[in-house]
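This structure is in structure tokens; I'll ask about it shortly.
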Amino acid sequence: MLLQTPTSIPDIQIHEFPSPPFWVTMPPEAVTLMVLGVVAGVVIITWPLIRALAKRLEGRQGADAIALAEVEQLRVRMAELEQLSHRMADLEERLDFAERLLSQNREVPRLEGGRN
């Protein structure tokens with residue numbers, strides 16, 4: 001057995017590994033600059049959308065402030081109307097009293113002057 005010649009060694013196929021992604025072989029500073037560039041690009045592209053959303057939200061808050069001011073004005077007006085309602089009831093009572101006085105058929109005793 002020892003003197004036997006070795007049989008041919010089968011050819012081993014060597015598989016090449018895929019090359020690593022480009023950011024792995026780049027220096028860290030370049031990767032950092034790329035990330036910052038992508039973030040800046042996203043911000044520049046979405047900036048008009050963000051501003052439009054902010055304006056819409058601000059408009060809603062402005063409308064809420066206007067509505068609150070109107071509600072406060074209505075409350076003040078309601079208080080004034082309640083006061084006027086009390087005054088109106090008082091005037092109605094006075095008018096009723098005056099009508100009762102006028103409707104009474106009473107004669108005022110007259111003093112006869114000069115006769116004794």
Side-chain angles (χ1 to χ4, degrees):
M1 285 225 168
L2 290 175
L3 295 175
Q4 290 182 346
T5 59
T7 58
S8 65
I9 299 174
D11 290 333
I12 300 175
Q13 293 179 348
I14 298 175
H15 296 287
E16 285 189 28
F17 291 106
S19 60
F22 67 93
W23 61 82
V24 174
T25 59
M26 292 175 61
E29 297 84 15
V31 174
T32 304
L33 286 176
M34 267 184 27
V35 169
L36 288 176
V38 169
V39 169
V42 169
V43 168
I44 289 171
I45 291 172
T46 59
W47 184 255
L49 297 173
I50 293 169
R51 287 184 60 200
L53 180 63
K55 284 182 181 180
R56 178 173 278 190
L57 291 174
E58 183 179 312
R60 287 183 185 167
Q61 291 172 353
D64 290 343
I66 292 170
L68 288 175
E70 288 178 359
V71 167
E72 186 60 33
Q73 287 177 347
L74 289 174
R75 285 181 180 161
V76 169
R77 182 72 178 142
M78 192 67 159
E80 291 173 358
L81 288 175
E82 286 176 3
Q83 287 179 341
L84 290 175
S85 175
H86 292 300
R87 288 189 66 198
M88 180 74 88
D90 187 40
L91 288 173
E92 286 174 351
E93 288 179 19
R94 290 180 182 190
L95 180 62
D96 288 342
F97 177 74
E99 286 176 348
R100 280 195 306 264
L101 282 179
L102 290 174
S103 68
Q104 288 178 356
N105 196 5
R106 62 178 190 176
E107 293 186 19
V108 178
R110 296 185 182 184
L111 295 176
E112 293 180 20
R115 291 189 193 175
N116 282 355

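Note that this is a predicted model, so its numbers are computed, not measured.
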Nearest-0.5 Å distance, CZ of residue R77 to CG of residue L84: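 Nearest 0.5 Å value for the CZ-CG distance: 7.0 Å.
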
Is there a side-chain contact between D96 and E99 in this structure, where contact means two heavy atoms from C-beta onward sitting under 4.5 Å apart? yes

Look up atom CG in L53 and atom NZ in K55, then write down how far apart they are to the nearest 0.5 Å.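 Interatomic distance, L53 CG to K55 NZ, rounded to 0.5 Å: 12.0 Å.
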
CZ of R51 to OG1 of T46: how many Å apart, nearest 0.5 Å?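 Between R51 CZ and T46 OG1, I get 12.5 Å after rounding to 0.5 Å.
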
Nearest 0.5 Å, what's the CG-CD distance between D90 and E93? 6.0 Å

Just by distance, do the side chain of S85 and the backbone of L81 share a donor-acceptor pair under 3.5 Å?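 Judged by distance alone, no pair lies under 3.5 Å.
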
Is the closest side-chain heavy-atom distance between E29 and L33 below 4.5 Å? no

